Asker: 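Here it is: the structure, laid out below.
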Amino acid sequence: MNPMTRPNGPQGETDEPRDDALVQRTLQGDQRAFEVLVRRYERLVFRIAGGFLRNRQDVEDAAQEAFLRAFGALSRFRSGASFGPWIAQIVTRLCYDRLRARRGREVGWEDLSLAEQQEAATVAAGAASGVGAANRDLAERVLTGVSPKERQILLLREVMGYTAAESAKVLGCSELAARIRLHRARRTMQRVAERLLDGMDSSA
Amino acid sequence: MTTCRAVGKHLADWAALPPEEIPDWARNHLATCRECGRRLGAARLVRVVVTACGDAAPPPSGFADRVVTAVFRGPVPGRTEAELWRTAWGLVPAFGAVVVALLMLFQFSLTPEPTGLFSPEGLSAGERLVLGSSVPETDLVLAAVLEGSEK
């Protein structure tokens, strides 16, 4: 389900309080109201942070900082808006900054562990492979060759299932720019994967 | 070449399929064309990488409690403060208008009022300024003379 339009948000017709009402109550010092907001959006925040950062502790730290930042800026929250896209924007920017600070070089076949090489070879051959720890490690290695900006859009569009318009809103760019960025990101990913597999062929 | 292009169009879709579900014509081509096989392998890898990105672990239990505890250690950013700022910013144009009005008034007060006298600087070449006064009325002259004789 697209988290932008989840039923718990302001668009839903449930009995649960709307996001802006909870924000209002938080600003009046209602601790419980903020807790409801955190519980409502913690999965979304962890999913975004988890898409960017591999280390579990880093993900948790980023998620917590995102909520802290959101709280600090709560008075600027637009009345009638949904908390989801707002917190998504905060956590995306936060993770982007962290990734930018630690961006590594593109990995080659020889940089992969034996398990990762086997996993990559299995995947490339089209043999069924579930999403396991080896896959996640491999994913993290491959993604080091993709810029944080490209990773952002890949995550939002391909993983989170956001539309171009929603992604543009989170990234603070035009819809056209988001589409172009996605196209480039896909091309980069394909190129990085091809180069990695070239290494497999030459080492065979 | 045409087959390579036709295969290329479907790579992203076929990357999600097991090899046996790929159409025969494409499978035959992929078995012989090294470049297309390489691109399909990379597309499969990309797909797995993207899927793995979405496979994030759920938040640990007690995360929300920890966040709320951390958050409410500091002061709550009050709406009243925000509203004050918003009101203050809203008053900026009005303040600007008042300043402009005052400046205009000040500017006019610095300009000397018209004296009713003709300025010789306003004359163009060839023009002459003739100085003269109106003849006082006879009654006024008589009144002045009589007033003086009384003293």
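Model, not experiment: these values are computed from the prediction. Numbered from 1 within each chain, the chains take letters A, B, ... in sequence-line order.
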Asker: Checking A:Arg151 against chain B: side chain, backbone, both or neither under 4.5 Å from a heavy atom?
Answerer: neither

Asker: Heavy-atom cut-off 4.5 Å, strictly under: side chain, backbone, both or neither for A:Leu196 against chain B?
Answerer: side chain

Asker: Which bit of A:Ala121 comes within less than 4.5 Å of chain B, counting heavy atoms only: side chain, backbone, both or neither?
Answerer: neither

Asker: Which pair of heavy atoms, one from A:Ala125 and one from B:Pro19, lies closest together, and at what distance?
Answerer: O-CG, 3.9 Å

Asker: Measuring heavy-atom distances to chain B, does A:Leu197 have an atom under 4.5 Å in its side chain, in its backbone, in both, or in neither?
Answerer: side chain

Asker: For B:Val46 versus A:Ala193, what's the shortest heavy-atom pair and its separation?
Answerer: CG2-CB, 3.8 Å

Asker: Which of residues 30-40 of chain B get closer than 4.5 angstrom to chain A, counting heavy atoms alone?
Answerer: B:Arg34, B:Arg38, B:Arg39

Asker: Under a 4.5 Å heavy-atom cutoff, which of A:Gln190, A:Glu35, A:Arg32 has the most pairs with chain B?
Answerer: A:Gln190

Asker: In this structure, are over 12 heavy atoms from other groups packed under 6.0 Å from A:Arg56 atom CZ?
Answerer: yes

Asker: Report the residues that fulfil ring pair (Phe, Tyr, Trp, His ring centres under 6.0 Å) with A:His183, sequence neighbours left out, ordered by chain and then residue number.
Answerer: none

Asker: Using a cut-off of under 4.5 Å for heavy-atom pairs, which of A:Phe67, A:Phe34, A:Phe46 has the most such pairs with chain B?
Answerer: A:Phe46

Asker: Which one, A:Val45, A:Val159, A:Leu37, leads in non-hydrogen pairs under 4.5 Å with chain B?
Answerer: A:Val159

Asker: Considering non-hydrogen atoms only, spot the tightest contact between A:Thr26 and B:Phe72 and give its length.
Answerer: CG2-CZ, 4.1 Å

Asker: Extract all donor-acceptor atom pairs below 3.5 Å that involve side chains of residues 59-68 of chain B and protein atoms in other chains or at least two apart in sequence.
Answerer:
{"unit_1": "B:Asp65", "atom_1": "OD1", "unit_2": "A:Arg39", "atom_2": "NH2", "d": "2.9"}
{"unit_1": "B:Arg66", "atom_1": "NH2", "unit_2": "A:Glu60", "atom_2": "OE2", "d": "2.5"}

Asker: Could you give the distance from CG (A:Leu154) to SG (B:Cys53), rounded to the nearest 0.5 Å?
Answerer: 8.0 Å

Asker: For A:Phe52, enumerate each residue passing the ring pair (Phe, Tyr, Trp, His ring centres under 6.0 Å) test, keeping only those at least two apart in sequence or located in another chain.
Answerer: none

Asker: What option among B:Ala43, B:Ala12, B:Ala15, B:Ala16 has the most heavy-atom pairs under 4.5 Å with chain A?
Answerer: B:Ala43

Asker: Nearest 0.5 Å, please: how far is CE in A:Met189 from CG in B:Leu45?
Answerer: 7.5 Å

